[in-house]
There are 2 protein chains.
Amino acid sequence: MARRAATSPSSPELDPRKATILEAVVVEHINTAQPVGSSSVAANAHLAVSPATVRSEMVSLEHEGYLAQPHTSAGRVPTDKGYRYFVDHLQSGVLGPVQQHQVHEFFANVRGEVEDVLEQTTSLLTQLTSYTSVVVGAGHSHATVLSVQLVNLDARHQLLVSIFSDGSVVKHSVMSTFDVNHEEVAEASRQLNALLIDTTLATTVQVPSRNDHVATLVREAASALHAVPPTTDGEQVFIGGSSKVAEVFEGVETVRKVLAILEQELLVVSLVQDILNQGMSVAIGSEHGFESLAACALIVAPVTIDGSPAGAVGLLGPTRMKYREAMAAAEAVSRELTRHFGGEEDRG
Amino acid sequence: MARRAATSPSSPELDPRKATILEAVVVEHINTAQPVGSSSVAANAHLAVSPATVRSEMVSLEHEGYLAQPHTSAGRVPTDKGYRYFVDHLQSGVLGPVQQHQVHEFFANVRGEVEDVLEQTTSLLTQLTSYTSVVVGAGHSHATVLSVQLVNLDARHQLLVSIFSDGSVVKHSVMSTFDVNHEEVAEASRQLNALLIDTTLATTVQVPSRNDHVATLVREAASALHAVPPTTDGEQVFIGGSSKVAEVFEGVETVRKVLAILEQELLVVSLVQDILNQGMSVAIGSEHGFESLAACALIVAPVTIDGSPAGAVGLLGPTRMKYREAMAAAEAVSRELTRHFGGEEDRG
DNA sequence: TGTTAGCACTCGATTCTACCGAGTGCCAAG
DNA sequence: CTTGGCACTCGGTAGAATCGAGTGCTAACA
């Protein structure tokens, strides 16, 4: 319920009958992918009115922008606004027993590093919903350094391995212009530890200005660590079920566009995070502002660790996707993921 | 030339005129995606014969399995065998000036870790060819351990970070059933180093059998490290341009199948490596044995470091792909990649 | 006033037909 | 062995006819 409220950017109430009709149209169109006619609404929705009445209501709904007509003599199709109303007034569904079981099984058996779990979670989500799934793991921009280690690959190549408090590990190669022996590397490693432990990536550190081998190594290693790629602070993206794109969308061109977006992982991250920042759980059609995703709806659910945002799960489908089921799945998985990571910490 | 010889699994020589006709059909069909008729071959290929003659040759080529007829009154289309002959007798092309420039630019500017370079290489390949690209980085199954480090995330959770001689870094979490203090972790870390340095993942190590905290930690950490996922020894796969699948293949079903295969990265690795193991550089249609890739051709080129196989680059397209250009691109990129990594080592 | 039955109308989809033409296979002459 | 000639095949396209789902409007009705 809280969710539903948080998720309503613009849903003026609608006359109850209109609401029922709109809902019927949406449901029907989601199931059939066809324009919906007045008679099928009159039959289906159990409001005891004639098709003619439904028709006049539909005209009105069309004027208000909730429905559209592909051509003069066809049924109606929901607009993005129509879907939005539908979603905002959707009572939250619950996962079917089979799906619940799948989720339970998954989290009971899943093992391995965070990355592996997140990766596998995309499979779970796609299996649950038949939609393309996205899992975003938060960056480690405010994690502190637990330990760094500089090792010699050969005399001119060193590797800086940094371990962060959130369990992430990052490596950077360092190339030196002079030969370095093991003692120098060990000494540099020691100094780097002293310098970097408990700092974050954002912290600026005081590097030695001397020009001996060790000091130079330390300088280069530290700068390698702080040379953050400008576009991201290390979020990870996992995408699962991209083949579903070809099943679920019609029209090669749409498929191509969607795949092209999915290829740009940075874009996907920002897309998901934009939606979360706006407090939404669903972005429909043009709402997310990506031209080439106009045919898509994206459901997102945040994952938190110890109350602070740690990532998100998402489901990407056509605007006529099965919102209730997909939202239930996204929520269940995000909840379990939160518990999986958070709970582990508590128990440990 | 050596390549071409190595790449011929089954290409009995063909009567020169038939060869010319076959080639003309393949070229034409690659360009137009349409069945090719006798007259266009007679006109195009500069053999001074009439369409009628071409026709009779075509009948013969069809009997021998090089060509096929979609239906009675249509032109001919190459079979997999036809493409195979074509490829086996293709004199190696050379990259166009624009592409050469792109490759050069790329390798002049590329920075970062091996993984980043490989990842970005997929973009390069896709940009060069407009096909989906695959880059496989070899596993570190025979790299030796340079250093391991065990750190405390909290009292019950430790992280084992292992650095290998090939520059790869792997982390494993270790969960303990008792609280561990920093001294114990440090001691365990020391012992693990003594135990593991210079071993490979395949080496079995003698772990302490005592039951104190440190020994238990060491045991658990060592077993975490050796618990290799059964299906792989750490190959990395990078896939680029999957949206090209939707451009290049016709038929939603084909697109779906191909994407589904690409999702299973392990499959892609084994596919690429099978082809390389057989000494082939191109697998056409059914040659690679994947039912659902029957409409595909896959071009692969090995990447070596210091003479030993270190991975591969691949290009995936329809059987009617532009072999010469794509092969040239794959070769050029694999060559540059080999130089990029190998050369660096030599200079360093 | 809101609802409904009736009805003419619209227009995409489907079917059918005719037909075009690219391409074939065959044959007889060169 | 090659080639021009020719009858034949058959997918693709265009046009006409038809179908029917669905609409908007209107007049009657509660």
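Everything quoted here is computed from the prediction, not taken from an experiment. Residue numbering restarts at 1 for every chain, and letters A, B, ... go by the order of the sequence lines.
The side-chain hydrogen bond (donor to acceptor under 3.5 Å, both in side chains) test applied to B:T53 returns B:S50, not counting sequence neighbours. Judged as a side-chain contact (heavy atoms from CB on, under 4.5 Å), and not counting sequence neighbours, the contacts of A:Q127 are A:Q102. Every residue two or more places apart in sequence or in another chain was checked for a salt bridge (Lys or Arg N to Asp or Glu O under 4.0 Å) with B:E250, and none qualifies. Every residue two or more places apart in sequence or in another chain that forms a side-chain contact (heavy atoms from CB on, under 4.5 Å) with B:A330 is listed here: B:I299, B:A301, B:V313, B:L315. Residues that satisfy the side-chain hydrogen bond (donor to acceptor under 3.5 Å, both in side chains) test with A:S38, not counting sequence neighbours, are A:R55. Partners of A:E247 according to the side-chain hydrogen bond (donor to acceptor under 3.5 Å, both in side chains) rule, which considers only residues two or more places apart in sequence or in another chain, are B:R256. Annotation: salt bridge (Lys or Arg N to Asp or Glu O under 4.0 Å) contacts of A:K18 (sequence neighbours excluded): A:E64. Scored by the side-chain hydrogen bond (donor to acceptor under 3.5 Å, both in side chains) test, B:E28 finds B:N44 as partners (sequence neighbours excluded).
Within the 4.0 Å cut-off from OP1 or OP2 of C:dT3, not a single side-chain nitrogen or oxygen of A:T53 is found.
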Q.
Could you go through A:L293 and A:L298, starting from their C-alpha distance and side-chain angles, then the distance that decides it, and tell me whether this counts as side-chain contact (heavy atoms from CB on, under 4.5 Å)?
A. CA-CA 9 Å; A:L293 292 186; A:L298 180 58; over 6 Å; no

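Two end axes, each from the C1' atoms of five base pairs, can be drawn for the helix from C:dT1-D:dA30 to C:dG30-D:dC1; they diverge by 20°, to 10 degrees.
Near DNA chain C, meaning a heavy atom under 4.0 Å away, there are no residues from residues 22-34 of chain A.
The distance from atom NE2 of B:H71 to atom P of D:dC10 is 9 Å, rounded to the nearest whole Å. Nucleotide C:dT24 holds its C1' atom 15 Å from the CD1 atom of B:I21, rounded to whole Å. The separation between B:L47 atom CG and D:dC1 atom P is 17 Å, rounded to whole Å. C:dG2 atom C1' lies 13 Å from atom NZ of A:K18, rounded to whole Å.
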Q: Spell out protein contact along nucleotides 18-30 of chain D as letters: B when the base is contacted, S when just the sugar-phosphate is, - when no protein heavy atom is under 4.0 Å; keep the 5' to 3' order.
A: ----SBBB-----

Table please: side-chain donor-acceptor pairs of residues 317-324 of chain A below 3.5 Å, with sequence neighbours left out.
{"residue": "A:R320", "atom": "NE", "partner": "A:H29", "partner atom": "O", "Å": "3.4"}
{"residue": "A:R320", "atom": "NH2", "partner": "A:I30", "partner atom": "O", "Å": "2.9"}
{"residue": "A:Y323", "atom": "OH", "partner": "A:T319", "partner atom": "O", "Å": "2.4"}

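Considering all non-hydrogen atoms of both residues, A:L125 and A:A329 come closest at CD2-O, 4.2 Å.
Note on A:A48: only backbone sugar-phosphate atoms sit closer than 4.0 angstrom, heavy atoms only; bases stay farther off.
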